[in-house]
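Just so you know, these numbers use all the heavy atoms, side chains as well, and skip hydrogens, waters and symmetry mates. Chain identifiers are assigned alphabetically (A, B, ...) following the order of the sequence lines, protein sequences preceding nucleic acid strands; residue numbering begins at 1 within each chain.
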2 protein chains.
Amino acid sequence: MLEDKNKQRTSLSELGEFGLITHLTENFKIYNKSTQKGIGDDCAVIAQTEKEILVTTDLLVEGVHFDLSYVPLKHLGYKAIMVNLSDVYAMNAEAEQVTVSIAVSNRFPLEAIEELYAGIQLACDTYNVDLIGGDTTSSTKGMLISVTALGAAKKEDIVYRSGAKPTDLIVVSGDVGGAYLGLQVLEREKEVFKVNPQNQPDLEAYTYLIERQLKPEARKDIPRLLKDLEVKPTAMIDISDGLSSEIMHICIQSGVGCNIYEEKLPLDPQVISTCEEFDIDSTMVALSGGEDYELLFTISINDFDKIKGNPNLTVIGHVTEKNQGMNLVTRANQQIKLQAQGWNSFSE
Amino acid sequence: MLEDKNKQRTSLSELGEFGLITHLTENFKIYNKSTQKGIGDDCAVIAQTEKEILVTTDLLVEGVHFDLSYVPLKHLGYKAIMVNLSDVYAMNAEAEQVTVSIAVSNRFPLEAIEELYAGIQLACDTYNVDLIGGDTTSSTKGMLISVTALGAAKKEDIVYRSGAKPTDLIVVSGDVGGAYLGLQVLEREKEVFKVNPQNQPDLEAYTYLIERQLKPEARKDIPRLLKDLEVKPTAMIDISDGLSSEIMHICIQSGVGCNIYEEKLPLDPQVISTCEEFDIDSTMVALSGGEDYELLFTISINDFDKIKGNPNLTVIGHVTEKNQGMNLVTRANQQIKLQAQGWNSFSE
């Protein structure tokens, strides 16, 4: 049989706003009994009688936060959910609901929006999160995604940024720096493609980095692991803007200082080899890279035995008195001041 | 003393994202004890032990939902909150929290964003709502505002769209059509201004209409009034997309029909006179205008005595069996089918 080479393109105006929302969301499942009412009324309704509710929101803008020349729409939808769930897990809570609003220009056919929602649905199904609302509208330029995530936790389980105490250990999940390097690789390939569109990139050496950038996973497992280990962090935050700036948030809000040890920073072998190839300092990448969506937390030193040797967790330093400052201790045993070089979307 | 004619313009990149959020939100107050933690952590935290939580979200896009050539930024901020609170009141609930995310291009100086937030703050202060989070980022073009509102109500007080029953009365708060005509007046003045920028418009005859368009008020008072009157609506919705399409939502979700009486539609005198001036049918404007942010609800006919004569409420029709259809009964006593001509942002 002959294949139809004309990919189907349905214009958004044919469906209209209500038709579009219904069409995009009809296959989503409800996983949480706290979701009393999802899409279809003026508001969604949530019932949490014994837990407090966590709320977080993030905005992703085409040309600022993502580049559709190398970010597949399905991955984008998935990532938009992850970015928000990560903030819920960073409170030591379970994520249960999301709302998703999108603005898209008429250059996007229905099939593109379906791809985006396929990623959103995959994320919801994988993380057992309910899509309970949203808004879908046109934009004059490009695509924008606004997600709000809701979660729940018992009052006594919630962990804020402000509880770190001197002598606490500073712990990070997974490894850091990969997502930033993945972006560098993708940006380089984009430039190569501009010069020679026939070039087939060999990305074999960067698969982990590219996955960290395009399809990050939020650490739903960490609050559960900590509960199993009977460890309640004293402070916690997710690493979206870079390890260094997140450590500083915890220190400032807790009124403490810290020492972070360069030699302890958890780096994937691909991070090390790619830093060498790009001739950039892996410590700088680990501290300032951002978008890793790992969790950073502090625990009482008395809990050290409980987490020791766990492959998901690395102790990278300890909390000090505030007057000691926030420092990186280098491999040469020099103390240098930590600097927040988190990302600023407004800088040119 | 000489006045400095150079209005101060501070670029957003000077402050950065964190500095900007802190600067914009530092004067907001917390009104509700359900707000355990507002801005400043990975998530906000809400505690509602005896009530269910309502969640709604809306996206406003420059060039699609608003035109900054005649919408002052302060009004825009106010309206962005109203649009969302209206959805919470439409569930017969109290609004308690909002998150506000904005994307703005670098053409906006800090002072413009401050104006926007002044309107958001005025809305929060007037309606006793807490700003608990948000995101602030740059855009490649224009301004976009994404608001999520949260509310609370006892389970037994929540009113959905789906409970209307035959013989119920259909009631609307306030009057309808004003916001749409306000937009027509503003659009006309914009065209006049393009031709003759020196022209000073005389908008005296349209003050109510323009206020309805630029500074709508959500009907916080209606759920309270209904409680005082001991009336629980059987179904309720807010009128954002036009009376006709909202009535149809209630009918379809409740599995009923309706008769709406043309002569009962509540119209402000400015609506009537401006419809004559623009030579458009006031009934069409009332049914399809949209953006009135009034509440439309159904009540048991047994409750009629409780609401009779209330200046805030007008009975405009009644619910029928589904097979009777959804009809407008004209002044000439003809039945014509209601049509949803709600606004579709995707149509060109």
Engineer: Looking at A:Gln48 and B:Ala47, would you say the former's side chain and the latter's main chain have a donor-acceptor pair under 3.5 Å?
Structural biologist: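 Pair absent, no side-chain N/O of A:Gln48 close to backbone of B:Ala47.
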Engineer: Within a 6.0 Å radius of atom CD on A:Glu50, are there more than 12 heavy atoms belonging to other residues, nucleotides or ligands?
Structural biologist: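 Incorrect, the count does not exceed 12.
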Engineer: Ignoring hydrogens, what is the shortest heavy-atom contact between A:Thr148 and B:Thr148? Give both atom names and the distance.
Structural biologist: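 So the minimum-distance heavy-atom pair works out to OG1-OG1, 3.0 Å.
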Engineer: Could you look at B:Leu60 and say if it's the side chain, the backbone, both or neither that has a heavy atom under 4.5 Å from chain A?
Structural biologist: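 Neither part.
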Engineer: Which atoms form the tightest heavy-atom contact between A:Ser138 and B:Val61, and what is the distance?
Structural biologist: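 It is O-CG2, 3.8 Å.
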Engineer: Side chain from CB out, backbone as N, CA, C, O: work out which of these in A:Leu150 comes under 4.5 Å of a heavy atom of chain B, or both, or neither.
Structural biologist: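 Answer is side chain: those atoms of A:Leu150 sit under 4.5 Å from chain B.
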Engineer: If you take all heavy atoms of A:Leu144 and B:Ala103, which pair is closest and at what distance?
Structural biologist: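 Looks like CD1-CB, 3.9 Å.
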Engineer: Which of the residues A:Ser101, A:Gly142, A:Gly63 is involved in the greatest number of heavy-atom pairs with chain B at under 4.5 angstrom?
Structural biologist: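 Highest number of heavy-atom pairs under 4.5 Å: A:Ser101.
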Engineer: Which one, A:Asn84, A:Ile237, A:Ile158, leads in non-hydrogen pairs under 4.5 Å with chain B?
Structural biologist: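 Most pairs with chain B among the choices: A:Ile237.
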Engineer: If you look at every heavy atom in A:Asp58 and B:Asp135, which pair is closest and at what distance?
Structural biologist: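 Heavy atoms of A:Asp58 and B:Asp135 come nearest at OD1-OD2, 3.1 Å.
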Engineer: When you look at A:Glu52 and B:Lys37, which way does the side chain to side chain contact (heavy atoms under 4.5 Å, CB included) test go after all the steps?
Structural biologist: CA-CA 11 Å; A:Glu52 297 195 336; B:Lys37 171 81 189 176; over 6 Å; no
Engineer: Only pairs of heavy atoms separated by less than 4.5 Å count here; which of A:Thr57, A:Ile132, A:Val88 has the most with chain B?
Structural biologist: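 Winner by heavy-atom pair count: A:Thr57.
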Engineer: Compare every heavy atom of B:Cys43 with every heavy atom of A:Thr56, then report the nearest pair and how far apart it is.
Structural biologist: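 That closest heavy-atom pairing would be CB-SG, 3.7 Å.
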Engineer: What part of B:Glu62 gets within 4.5 angstrom of chain A, counting heavy atoms only: side chain, backbone, both, or neither?
Structural biologist: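 The backbone, not the side chain.
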Engineer: Does B:Asp42 reach the main-chain N or O of A:Asp238 with its side chain, forming a donor-acceptor pair under 3.5 Å?
Structural biologist: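 The answer is yes, because a donor-acceptor pair under 3.5 Å joins these two groups.
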Engineer: NZ of B:Lys51 to OG1 of A:Thr49: how many Å apart, nearest 0.5 Å?
Structural biologist: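 That separation rounds to 15.0 Å.
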Engineer: Please report the closest heavy-atom contact between A:Ser146 and B:Leu59, naming both atoms and the distance.
Structural biologist: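 Closest approach of A:Ser146 to B:Leu59, heavy atoms only: CB-CD1, 4.4 Å.
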Engineer: Given the rule in the side chain to side chain contact (heavy atoms under 4.5 Å, CB included) test, do A:Leu54 and B:Val45 qualify, once you have shown the distances and angles that lead to the verdict?
Structural biologist: CA-CA 5 Å; A:Leu54 294 306; B:Val45 182; 3.6 Å; yes
Engineer: Give the C-alpha distance, both sets of side-chain angles, the deciding distance and a yes or no for side chain to side chain contact (heavy atoms under 4.5 Å, CB included) between A:Met91 and B:Asp41.
Structural biologist: CA-CA 8 Å; A:Met91 304 296 288; B:Asp41 215 302; 3.5 Å; yes
Engineer: Could you walk me through whether A:Val55 and B:Gln97 pass side chain to side chain contact (heavy atoms under 4.5 Å, CB included), step by step?
Structural biologist: CA-CA 10 Å; A:Val55 185; B:Gln97 290 91 15; over 6 Å; no
Engineer: Contact part of B:Thr99 toward chain A, heavy-atom cut-off under 4.5 Å: side chain, backbone, both or neither?
Structural biologist: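 Looking at B:Thr99, just its side chain touches chain A.
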